[in-house]
Amino acid sequence: QVQLVESGGGLVQPGGSLRLSCAASVSISSINAMGWYRQAPGKERELVATITSGGSLNYADSVKGRFTISRDNAKKTVYLQMNSLNPADTAVYYCNVNSVYGIKWGKGTLVTVSS
């Protein structure tokens, strides 16, 4: 059974930075890919960034050069470093894990970018 715990959301000023964390209850060796998705008010959920077991990275065009996805195998945790944030980044961010046990979604953490 896969459990995910997200943290790091909050209120930040435009141009500021924030780091999201997602800790999994299963080992990295059992995970095919981990990633972050987001859903802004009134919009569809969209991919933000993913990282595979082999280290392959994928980013949405809107966040390339600003966001960085990474992982800590020992801590079973995936991170999303978000820099140069703007109001368009305001959304609920969801952690996603694809493992041998299936697909699991986190509960989501709210990121609000505002003055």
Test side chain to side chain contact (heavy atoms under 4.5 Å, CB included) on M82 and L20; report intermediate values, then the result.
CA-CA 8 Å; M82 304 184 292; L20 304 182; 3.7 Å; yes
Item to check | Stepwise side chain to side chain contact (heavy atoms under 4.5 Å, CB included) test for M34 and I69 | outcome: CA-CA 9 Å; M34 302 182 75; I69 188 170; 5.7 Å; no
What verdict does the side chain to side chain contact (heavy atoms under 4.5 Å, CB included) test give for L18 and L85, after you've listed the backbone C-alpha separation in whole Å, the side-chain angles of each residue and the deciding distance to 0.1 Å?
CA-CA 8 Å; L18 212 59; L85 287 163; 4.0 Å; yes
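With values rounded to the nearest 0.5 angstrom, Q13 atom CD is found 11.5 Å from T112 atom OG1. Atom OH of Y79 sits about 14.5 Å away from atom OG1 of T68, to the nearest 0.5 Å.
Listed by first then second residue, pairs satisfying ring pair (Phe, Tyr, Trp, His ring centres under 6.0 Å) with a partner in residues 87-115 read Y37-W105, not counting sequence neighbours.
In summary, K107 and E6 do not engage in a salt bridge, as defined by a charged side-chain N under 4.0 Å from a carboxylate O.
Between T77 and S21 there is a side-chain heavy-atom pair separated by less than 4.5 Å.
The hydrophobic clustering, which links ILVMFWY residues whose side-chain heavy atoms are closer than 4.5 Å, places V5 and I31 apart. The same ILVMFWY cluster, assembled from side-chain heavy atoms under 4.5 Å apart, contains both L57 and V48.
Taking each heavy atom of S17 and S84 in turn, the nearest pair found is OG-N, 4.4 Å. What you find for R71 and T52 is that their closest heavy atoms are NH1-O, 2.7 Å.
No donor-acceptor contact under 3.5 angstrom links the side chains of S53 and N32, judged on distance only. S29 and S27 share a side-chain donor-acceptor pair at under 3.5 Å.
In this structure, T50 contributes its side chain and G35 its backbone to no donor-acceptor pair below 3.5 Å.
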